[in-house]
Amino acid sequence: MGDELAAEVSELEQQMYSMAGYEFNASSPAQLSEVLFTKLQLPTAGIKKGKTGYSTGQKELDKLRGQHPIIELIERYRELTKLISTYIEALPKLMAADGRIHTTFNQDVTSTGRLSSTNPNLQNIPVRTELGRKIRQAFVPSDGKVFVGADYSQFELRLAAVLAGDEKLIEDFNSDVDIHAKTAAETYGISIDEVNKSQRRAAKVINFGVLYGMSPHGLAAATGMSFTEAKKFIDHYFEVRKPIRQYLDKILTQAREQGFVETYFGRRRPTPDVKSSNFMVRSSAERAAMNMPIQGTEADLMKLAMIRLEDKLSGLADAILQVHDSILVECKPEDVQKVSEIMKAEMEGVCPELPIKLKVDVGTGVNWGEV
DNA sequence: AAAGAAAGCGCG
DNA sequence: AAAGCGCGCTTTCTTT
């Protein structure tokens, strides 16, 4: 893969150089910015400026697509070089004496209670693009074993529904409806089968973003709506999901009055900056405070599930990875059914007192991409 | 030469 | 003026 992709990178470089009229380092944001906005004179209206100049990040390239053919080349170049340097070249070097790659899970790094993974980070192995999934396919179990992966479906949103006590939202989850479509339908005031793709996409962005204080500006940037449309959409959303609004307000009050927020199980994160006189610092602290109970409760539940599984799967399967809402193990092919059932049962039943049904999807494969 | 900032982007 | 949260790694470029 590395050789094939390197060849394509070379071709892309040559094409970019000829469009620019000179050779430059396309991996240098400074040089690339010079090419786009000075040499090629692309419009800078609406392009974000950083400390050093105009940004060339993906969000800005989106705004320039169609303006010049070089944009698509840059995007492809970025995708390829990212995958080559971070994964294809790096991972084989980290193979240990036993022929495998071992990450280190840190338990005291994150502010929400999640694990983090370093050296290498195995919690950010590609999966979202076709090419990315090919890298994931390179991860295989030991000889004769297969992978079984189990992940919580809509984990974050389900916990938000619980913590906010949003009965309607809980009911939707318990009856297995397409939650993004349902949110779109209610927000636009239409029926669920009238929801089109772009409406569903907007609702999905909102479902994840607005929970943590995404602004009309942010929603507009993420969806292509106008600022006014985005503002209206958010207002409607909180009309429909009143308990969510009240819950977020309650968390902010708690952060200000008690100086901390906490998970469902009572694990705390201090929130001193919600009293900052600096708007940016304060706003950022408020968003973090709104997020922590949800993300932190997810983390707590995952750890509980991992502890239970360690026992239940003992002698039957070996733990491989945890990626925030998913667990990957390996086992003998003949044990797949049993292992799958145990994982699903333990994870879904990790905390029966929760007033919501947790849903876990289980998959199997001879490589990680297949799971 | 080493350390650090900035930009960018992979994942949940 | 700036406007989802949580991470870690690579490259470039500057500072020490």
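Note on naming: letters A, B, ... go to the chains in the order of the sequence lines (proteins, then strands), and numbering restarts at 1 for each one. Computed over heavy atoms, backbone and side chain alike; hydrogens, waters and symmetry mates excluded.
- Remark: A:E341 does not engage A:K338 in a salt bridge, criterion side-chain N to carboxylate O under 4.0 Å.
- In this structure, A:F208 atom CZ and C:dG6 atom P are separated by 16 Å, rounded to whole Å.
- Of the residues in residues 254-290 of chain A, those with a non-hydrogen atom less than 4.0 angstrom from any atom of DNA chain C are A:R269, A:F279, A:M280, A:R287, A:A288.
- Residues A:S117 and A:Q123 bring no donor and acceptor atom of their side chains to less than 3.5 Å of each other.
- At distances below 3.5 Å, at least one donor-acceptor pair connects side-chain atoms of A:T103 with backbone N or O atoms of A:P120.
- Of the charged side-chain nitrogens involved, at least one lies within less than 4.0 Å of a carboxylate oxygen, so that A:R245 and A:D249 count as a salt-bridged pair.
- Taking 4.5 Å as the limit, every side-chain heavy atom of A:L169 sits out of range of all side-chain heavy atoms of A:P243.
- Annotation: salt bridge (Lys or Arg N to Asp or Glu O under 4.0 Å) contacts of A:K332 (sequence neighbours excluded): none.
- Near-neighbour residues of DNA chain C inside residues 233-252 of chain A, defined by a heavy atom below 4.0 Å, are absent.
- Within residues 38-53 of chain A, the residues that place at least one heavy atom under 4.0 Å from DNA chain B are, in residue-number order, A:G50, A:K51, A:T52.
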Query raised in the report: Taking only Watson-Crick and G-U wobble pairs with both distances under 3.5 Å, what dot-bracket line describes DNA chain C, where [ ] shows pairs that cross earlier ones and | shows pairs with another strand?
Result: ....||||||||||||
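- Of the possible polar contacts, one joining the A:D178 side chain to the A:A181 backbone as a donor-acceptor pair under 3.5 Å is found.
- In this structure, A:S55 reaches the sugar-phosphate backbone alone: every heavy-atom distance under 4.0 Å involves primed, P, OP1 or OP2 atoms, never a base.
- Counting only distance, with no hydrogens or angles, the side chain of A:S28 and the backbone of A:Q31 share a donor-acceptor pair below 3.5 Å.
- A continuous path of ILVMFWY side-chain contacts below 4.5 Å connects A:V360 to A:L316, so both sit in one hydrophobic cluster.
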Query - Evaluation steps, salt bridge (Lys or Arg N to Asp or Glu O under 4.0 Å), between A:D62 and A:K59 - result: CA-CA 5 Å; A:D62 278 340; A:K59 280 180 185 169; over 6 Å; no
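- Taking a 4.0 Å limit (strictly below) on heavy-atom distances, residues 357-371 of chain A does not reach DNA chain C anywhere.
- A:T56 comes within 4.0 angstrom of the backbone, heavy atoms only, and of no base.
- For A:R201, there are no salt bridge (Lys or Arg N to Asp or Glu O under 4.0 Å) partners two or more places apart in sequence or in a different chain.
- Counting non-hydrogen atoms of other residues, nucleotides and ligands closer than 6.0 Å to CE of A:M280 gives a total of 12 or fewer.
- A:V205 comes within 4.0 angstrom of nothing in the nucleic acid, heavy atoms only.
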Requested in this report: For the pair A:K168 and A:D172, evaluate salt bridge (Lys or Arg N to Asp or Glu O under 4.0 Å) and give the outcome as yes or no after the intermediate values.
Outcome: CA-CA 6 Å; A:K168 274 178 65 189; A:D172 286 344; over 6 Å; no
Query - A:L32 vs A:M16, side chain to side chain contact (heavy atoms under 4.5 Å, CB included): CA-CA, chis, key distance, verdict - result: CA-CA 10 Å; A:L32 187 61; A:M16 289 190 289; 5.5 Å; no
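- Taking 4.0 Å as the cutoff to heavy atoms of chain A, we find the contact window on DNA chain B bounded by B:dA6 to B:dG12.
- Nearest-nucleotide assignment on DNA chain C puts the 5′-proximal partner with A:T112, out of A:P120 and A:T112.
- Aromatic ring centres of A:H324 and A:Y152: separated by at least 6.0 Å.
- The shortest side-chain heavy-atom distance between A:R269 and A:T112 falls under the 4.5 Å cut-off.
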Query raised in the report: After noting the C-alpha distance and the side-chain angles of A:E239 and A:E186, does the key distance pass the side chain to side chain contact (heavy atoms under 4.5 Å, CB included) rule?
Result: CA-CA 10 Å; A:E239 269 308 304; A:E186 294 182 358; over 6 Å; no
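- Aromatic ring pairs are classed by plane angle as parallel below 30°, tilted from 30° to 60° and perpendicular above 60°; the pair A:W368 and A:F139 is perpendicular.
- For the residue pair A:Y264/A:E353, the side-chain donor-acceptor check at 3.5 Å is satisfied.
- For the residue pair A:T56 / A:R78, a side-chain donor-acceptor distance below 3.5 Å is found, with atom types taken as modelled.
- Side chain of A:S55 to main chain of A:K49: no donor-acceptor pair is present (N/O by atom type, distance under 3.5 Å, no hydrogens or angles).
- When each of A:L115 and A:P216 is assigned the nucleotide of DNA chain C bearing its nearest heavy atom, the one mapping closer to the 5' terminus is A:P216.
- Using a cutoff of 4.0 Å between basic side-chain nitrogens and carboxylate oxygens, A:R133 and A:E130 are scored as salt-bridged.
- Look at the P atom in both C:dA2 and B:dA6: the space between them is 15 Å, to the nearest Å.
- Residues from residues 149-170 of chain A lying near DNA chain B, meaning a heavy-atom separation below 4.0 Å, are absent.
- Contacts between residues 121-133 of chain A and DNA chain B, counted as heavy-atom distances below 4.0 Å, involve A:N121, A:Q123, A:N124, A:I125, A:P126, A:V127, A:R128.
- Using a 4.5 Å heavy-atom threshold, the side chains of A:V362 and A:M347 count as separate.
- Applying the ring pair (Phe, Tyr, Trp, His ring centres under 6.0 Å) rule to A:F37 yields the partners A:Y54; only residues at least two apart in sequence or on another chain are considered.
- In this structure, A:N367 contributes its side chain and A:E370 its backbone to a donor-acceptor pair below 3.5 Å.
- With A:S276 contributing its side chain and A:N278 its backbone, the two residues share a donor-acceptor pair below 3.5 Å.
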Query - Protein proximity profile, nucleotides 10-16 of chain C - base contact B, sugar-phosphate-only contact S, no contact -, cut-off 4.0 Å on heavy atoms - result: SSSS---
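- The P atoms of B:dA7 and C:dA3 are separated by 13 Å, rounded to the nearest whole Å.
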